[in-house]
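All ligand and atom numbering here is 1-based and tracks the order in the structure. Residue numbers start at 1 and run along the sequence shown.
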Amino acid sequence: MENTKQDLNIKMQARNMDLSYGSFKALEDINIDIYEKQVTALIGPSGSGKSTFLKSLNRMNDLVEGCKITGDITLEGKDIFNRDLDVNQLRKNVGMVFQHPNPFPMSIYDNVAYGPRTHGIKDKEKLDQLVEESLKGAAIWDEVKDDLGKNGLAVSGGQQQRICIARALAVKPDVLLMDEPTSALDPISTLKVEELIQELRKDYTIVIVTHNMQQAARVSDYTAFFYADPEKGGGHSTIIEFGETEQIFNNPNNEQTADYVAGRFG
Ligand SMILES: Nc1ncnc2c1ncn2[C@@H]1O[C@H](COP(=O)(O)OP(=O)(O)OP(=O)(O)O)[C@@H](O)[C@H]1O
Ligand SMILES: [Mg+2]
């Protein structure tokens, strides 16, 4: 937007990254710079590896048996696969919000306090403050402040998603990964989450997967287009174009990108 690339710090970076699920090579030669305090949208057809890449950024794929990654991913220049790195600390720094709102079956308060508690914060006053701050940060405080004891599942889907965003914010991450965070929401809740992303980008680095081209154009500063060349017989998906969102949408260099953002396949 108002920034130029030269002013921006690189928060995360992937270099020559490949990922296989067993013998299936899902991603091949992924290279991307994720700029600090910018919103980066990951777009591309279904099965092009957007979620796979997103989950690699906080090593959620460690939980998938047979998943193997080669190449480099760094956070502030440090290798996230380094054996000395504490993966819990990585996931604290790089938080995640999923496609379907998934509050835990417990009170709104306990949902948001969950992360800080697992990181050893027990002080009631401190927790109260974190819960309030996080719910405010997720633009849902006013709607739930008188009902913090209510079950996190007993509110609307849009409210649940903002509670999940508050839960992610409560551990004070630097990077927020969002995998299609509005695809299960109604238009008004979607708008609220999009407005929230605009607020959050002031303090956080955000990477968002979306199938909604208007949404990518509205909320993101940079866009990466994932594409699996069908001639490779499945998988081997890569980022075939990356750039400022405005350029990707208005003046793409690549024919597939042009066709995709114009809705000609998908
Ligand atoms: N756990 C897994 N084990 C084996 N293959 C997987 C696994 N997860 C994903 N895949 C495969 O990896 C490829 C990329 O999947 P991924 O879910 O990352 O795509 P996507 O771009 O997020 O798609 P969508 O837009 O439908 O969410 C697909 O071919 C998929 O079938
Ligand atoms: Mg996906």
**Request:** Examine the side chains of N111 and R167 and answer whether a donor and an acceptor come within less than 3.5 Å of each other.
**Result:** yes
Note to self: Tell me whether atom 2 (C) of ligand 1 lies less than 4.0 Å from at least one protein heavy-atom position.
What the structure shows: yes
Under 4.0 Å from one or more heavy atoms of F24, ligand 1 contributes atoms 11 (C), 12 (O), 13 (C), 29 (O)
Contact check, E180 vs ligand 1, heavy-atom distance below 4.0 Å
yes
Near V64 (heavy-atom distance under 4.0 Å), the atoms of ligand 1 are 1 (N)
### Task
On the 0 to 90° scale, with breaks at 30° and 60°, tag the F265-F225 ring pair as parallel, tilted or perpendicular.
perpendicular
| Would you say the side-chain atoms of T182 and Q215 include a donor-acceptor pair closer than 3.5 Å? | yes
Validation row: I43, S220 side chains within 4.5 angstrom (heavy atoms)
no
If you measure only the distance, is there a donor-acceptor pair under 3.5 Å linking the side chains of D33 and Q13? yes
T52 heavy atoms within 4.0 Å reach ligand 1 at atoms 14 (C), 15 (O), 16 (P), 18 (O)
>> Salt bridge check, E28 against K25: does any charged N sit closer than 4.0 Å to a carboxylate O?
In response: yes
Distance-only side-chain donor-acceptor flag, T245 / T223, under 3.5 Å: yes
Note: F226, heavy atoms under 4.0 Å from ligand 1, region reported as neither
hydrophobic_cluster_shared for F24 and L19, side chain cutoff 4.5 Å
yes
*State if K55 counts as touching ligand 1 under the rule of any non-hydrogen atom under 4.0 Å.*
no
The residue among K37, K92, K11, R91 that forms salt bridge (Lys or Arg N to Asp or Glu O under 4.0 Å) with D174 is K11
For atom 17 (O) of ligand 1, the closest protein heavy atom turns out to be S51 CB, 4.0 Å
Taken in chain and number order and not counting sequence neighbours, the residues that satisfy side chain to side chain contact (heavy atoms under 4.5 Å, CB included) with F81 are R59, I69, I73, D79
If you scan protein heavy atoms around atom 26 (O) of ligand 1, the nearest is S46 OG, 2.5 Å
| field | G49 touching ligand 1 at heavy-atom level, < 4.0 angstrom | value | yes
May I ask whether G235 has any heavy atom positioned less than 4.0 angstrom from an atom of ligand 1? no
Taking only non-hydrogen atoms of H211 and a 4.0 Å limit, the atoms of ligand 1 in range are 24 (P), 25 (O)
SB check K172 E133 (cutoff 4.0 Å): yes
Quick check on the Mg ion (ligand 2): does S51 put an N/O/S atom closer than 2.8 Å to it?
yes
When distances are taken from atom 28 (C) of ligand 1, the protein heavy atom at minimum range is G47 O, 3.8 Å
Looking only at protein heavy atoms, what sits closest to atom 21 (O) of ligand 1 is K50 NZ, 2.7 Å
message = Checking contacts now, so for atom 31 (O) of ligand 1, which I'm interested in, is there any protein heavy atom under 4.0 Å?
response = no
the protein heavy atom lying closest to atom 12 (O) of ligand 1 turns out to be Y21 CE1, 3.5 Å
